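Each remark here refers to the structure printed beneath this line.
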Protein chains: 2
Amino acid sequence: MTTEQTESRPVPTLEAVAARAGVSRATVSRVVNGSPKVTAEVVAAVTRAIADLNYVPNRAARSLASRRTQVIALVVPESTAKVFADPFFASIVQGVALSLADTEYTLNMVISSETNPDKTRRYLMGGNVDGALVVSHHSGDHSYQQLGASLPIVFGGRPVSDAAADSYFVDVDNIAGSAGAAAHLIERGRRNLALITGPQDMPAGLDRYTGWKRTLDEHGIDATLVEYGDFSPRSGMEAMRRLLARGRPIDGLFAGNDQMAAGAYSVIHEAGLSIPGDIAVVGFDDDTFGLTATPPMTTVHQPSIGLGEAMARVLVRRLAGEPVERVTLLPTELVVRQSS
Amino acid sequence: MTTEQTESRPVPTLEAVAARAGVSRATVSRVVNGSPKVTAEVVAAVTRAIADLNYVPNRAARSLASRRTQVIALVVPESTAKVFADPFFASIVQGVALSLADTEYTLNMVISSETNPDKTRRYLMGGNVDGALVVSHHSGDHSYQQLGASLPIVFGGRPVSDAAADSYFVDVDNIAGSAGAAAHLIERGRRNLALITGPQDMPAGLDRYTGWKRTLDEHGIDATLVEYGDFSPRSGMEAMRRLLARGRPIDGLFAGNDQMAAGAYSVIHEAGLSIPGDIAVVGFDDDTFGLTATPPMTTVHQPSIGLGEAMARVLVRRLAGEPVERVTLLPTELVVRQSS
DNA sequence: GTGAAAGCGCTAACAT
DNA sequence: ATGTTAGCGCTTTCAC
């Protein structure tokens, strides 16, 4: 029943370093924290002592005394965690983690259960973290919005409502991205264009529809061949079936993400149609679904790792007191492969 | 330059709760920690005070006083982080996070850079975490092995060398899984079997080869049609090309993971061969690559989320001082779809 | 530039 | 069953 005792080499304290270096604890603290007003000699002595003793500062003590935790929370709604398989999300985590690895901050992954959101809220508000990163996947759920008043928060994905205009967020420029996809299909000579878009209560779904619609309108092309999915491959299959069932000619398809496009692929193939011969297909995300599809998918690349990196960067700068823009929009890029 | 000041409602301390409830701080501490020896009335009073004040314990102070951090580190080698796109790994993180969400432990994601592994080592040894979870993807890199002597660690994936026999680890039963895949192809009447396996310096690659070889030998089937990949789709493509180039008949293929199998798919199709008509294909992992492939892939399902959960569970139990088996092998399951 | 001293908010003996 | 009393290891005024 006893907790494992595994301490081999006792962890030295700042006091031990001070003794060894022949200075006070205050001085060691200054050296550790890179204070400028310490003699070079003393710095050297302390540094040596630290190395000799293999000293590592105790975070808890440091945090307690300085009232800073050096911890950044990455909040992931449980529902998002459940679809963690989405490469887009995994990349964000990766970007955040890599970006934070270069800082003094530690990354705390928090799964906020939908059934008990207060647990997370309390944790965040309990002075346990210096700031938080909130990702809600393709949704713009800013239910943690209110916390923004008492804790620096940076959101991944723009908020659904504009009421949240005072929040900080990083997002991909979805409108420009889908507009580019539409323009590409048009350039390819396709005129009977169909769209499988995501839920219209999610910014990503909404914005990608907007960019598409806008571009088709500009070219005087009909934009009513639209079906909705939920970003999953299965929903893409179903949407494609509905699209074909309408009986109208289709020679170009844009899907709100690669997963849905991949789903559409199988239905198109089942129907005996070819890609891009009969239907040119463009996806969005540039994830592994598009890359491994047959034929390789033309898609709108979004910097998902960059998104995570940007979120972390923005938060760290906020925490450093530097001025930061509230909105950071990352550019997309059309990756032309063989499906269009 | 000043750090953001965002405190709205000052965070109450234990002392404030004690005052409000009319008891000592020690009693409040007991209630907070669920000590059994406190009168029901007092518990009620303190609980009320806590609710009224919206009190949240300060982790740093608690940790400093109790010498426990309530933090578990999830260590991810940078190289693994870079291939975060691998759904297998993302699932492990998910499993760990979900599993830990039900405990008092906090999850700390640590990216250990290969260039500066000491930073991670120091962090782990600095008394900043109560235990660590180390995943090295399909590799059995136990370079943190030594730390196991001074910090409770649970590894994901079995160690490469048996020298690490005293470490705790959780793994998938790769041998049984690949043996099942081989048996399945044989049952399907296939006799000209080929294998695309992973690197033989990684346990996952090694064990999956072992199970395959063993089964083929038992059936007196030639097991020399083997090529190696690195678990990436691209390497699967290349391996498949080499396999076909040998000019020997192939009617059954087993790949070390779905990603390589997906790569093989495209080469098989390019060659004008059909799946499973000409070549029956079985993958391993049961990730989205296999699910979205055309035709849907028969594959060996491995409980990747379960792996993460098991790792967390084993560590938490170790930390609780409960006896735990050093080796936890999770069963796999053959998922028969349309590629075989 | 450096040291002394006073906590940061909590837990854990020890008393009672 | 509850209160008293020391710290946990560090930062941070404030003197010197």
Side-chain angles (χ1 to χ4, degrees), chain A residues 2-3 7 10-47 49-50 53-71 104 122 125-130, chain B residues 2-3 7 10-47 49-50 53-71 104 122 125-130:
Chain A
T2 75
T3 295
E7 322 227 350
V11 179
T13 70
L14 187 153
E15 174 124 50
V17 175
R20 172 143 190 145
V23 298
S24 73
R25 299 183 313 177
T27 298
V28 176
S29 177
R30 291 192 182 95
V31 172
V32 169
N33 294 293
S35 163
K37 37 184 181 179
V38 184
T39 314
E41 312 171 324
V42 177
V43 171
V46 173
T47 305
I50 289 179
L53 266 38
N54 219 306
Y55 167 75
V56 183
N58 178 306
R59 280 186 98 90
R62 199 207 281 249
S63 158
L64 185 57
S66 67
R67 317 177 107 325
R68 268 173 290 120
T69 65
Q70 297 293 85
V71 172
E104 283 300 289
R122 300 177 84 82
M125 293 313 301
N128 298 307
V129 301
D130 289 346
Chain B
T2 76
T3 293
E7 322 228 348
V11 179
T13 69
L14 188 154
E15 173 124 51
V17 176
R20 172 141 190 149
V23 298
S24 74
R25 298 183 313 174
T27 298
V28 175
S29 177
R30 291 192 182 96
V31 172
V32 169
N33 293 294
S35 162
K37 37 185 181 178
V38 183
T39 314
E41 311 171 324
V42 178
V43 172
V46 173
T47 306
I50 288 178
L53 267 37
N54 219 307
Y55 167 75
V56 182
N58 179 307
R59 280 186 98 90
R62 201 207 279 249
S63 158
L64 185 57
S66 68
R67 318 177 105 319
R68 266 174 291 121
T69 65
Q70 297 293 88
V71 173
E104 284 300 291
R122 301 177 83 82
M125 294 312 302
N128 299 307
V129 302
D130 288 347

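Computed over heavy atoms, backbone and side chain alike; hydrogens, waters and symmetry mates excluded. Note on naming: letters A, B, ... go to the chains in the order of the sequence lines (proteins, then strands), and numbering restarts at 1 for each one. As the structure is a prediction and not an experimental result, all values here were calculated from the model.
- Across the protein-nucleic acid pair, B/N33 atom CG and C/dA13 atom P stand 13 Å apart, rounded to whole Å.
- With rounding to whole Å, B/L14 atom CG is found 11 Å from C/dG9 atom P.
- Side-chain contact between B/V46 and B/V23 is present, with at least one heavy-atom pair separated by less than 4.5 Å.
- Atoms CD (B/E41) and P (D/dA1) sit 12 Å apart, rounded to a whole Å.
- Side-chain nitrogen and oxygen atoms of A/T39 include at least one within less than 4.0 Å of the OP1 or OP2 phosphate oxygen of C/dT2.
- Among the nucleotides D/dG9, C/dA4, C/dC10, the one closest to the side chain of B/A65 is C/dC10.
- Side-chain N or O atoms of A/T13 include one that pairs as donor or acceptor with a backbone N or O of A/E15 at under 3.5 Å.
- Not one N or O on the side chain of B/R59 forms a donor-acceptor pair closer than 3.5 Å with the backbone of B/V71.
- Side-chain N/O atoms of A/R67 include none lying less than 4.0 angstrom from OP1 or OP2 on C/dC8.
- No engagement by B/V32 is indicated, since no non-hydrogen atom pair under 4.0 Å with the nucleic acid exists.
- Heavy atoms of B/V42 sit under 4.0 angstrom from primed sugar atoms or phosphate atoms, though from no base atom.
- Position along DNA chain D of the nearest nucleotide to B/A61 versus B/A40 favours B/A40 as the more 5'-ward residue.
- Relative to the side chain of B/V23, the nucleotides D/dT11, C/dG3, D/dG3 differ in distance, and D/dG3 lies closest.
- Applying the 4.0 Å criterion to OP1 and OP2 of D/dG3, one finds that B/S24 has a side-chain N or O inside that range.
- With contacts defined as side-chain heavy-atom distances shorter than 4.5 Å, the pair B/R30/B/V43 does not qualify.
- Spacing between atom CD of A/E104 and atom C1' of D/dT11 amounts to 16 Å, rounded to whole angstrom units.
- Along DNA chain C, the nucleotide nearest to A/K37 and the one nearest to B/Y55 differ in position, and the one closer to the 5' end is contacted by A/K37.
- Listed candidates were D/dA1, C/dT2, D/dC10. Nearest to the side chain of A/N58 is D/dC10.
- Rounded to a whole Å, the CZ atom of A/R30 is 15 Å from the P atom of D/dC10.
- Between B/V11 and B/V56, the shortest heavy-atom contact is CG1-O, 4.4 Å.
- Atom CG of A/L53 is separated from atom P of D/dG9 by 14 Å (rounded to the nearest Å).
- Here D/dT5 presents its P atom at 11 Å from CZ of B/R25, a figure rounded to the nearest Å.
- Contact check, B/R68 against C/dC10: no side-chain N or O comes under 4.0 Å of OP1 or OP2.
- Relative to the side chain of A/S29, the nucleotides D/dT12, D/dG3, D/dT2 differ in distance, and D/dT12 lies closest.
- The nearest whole Å value for the distance from the CG atom in A/L64 to the C1' atom in C/dC8 is 4 Å.
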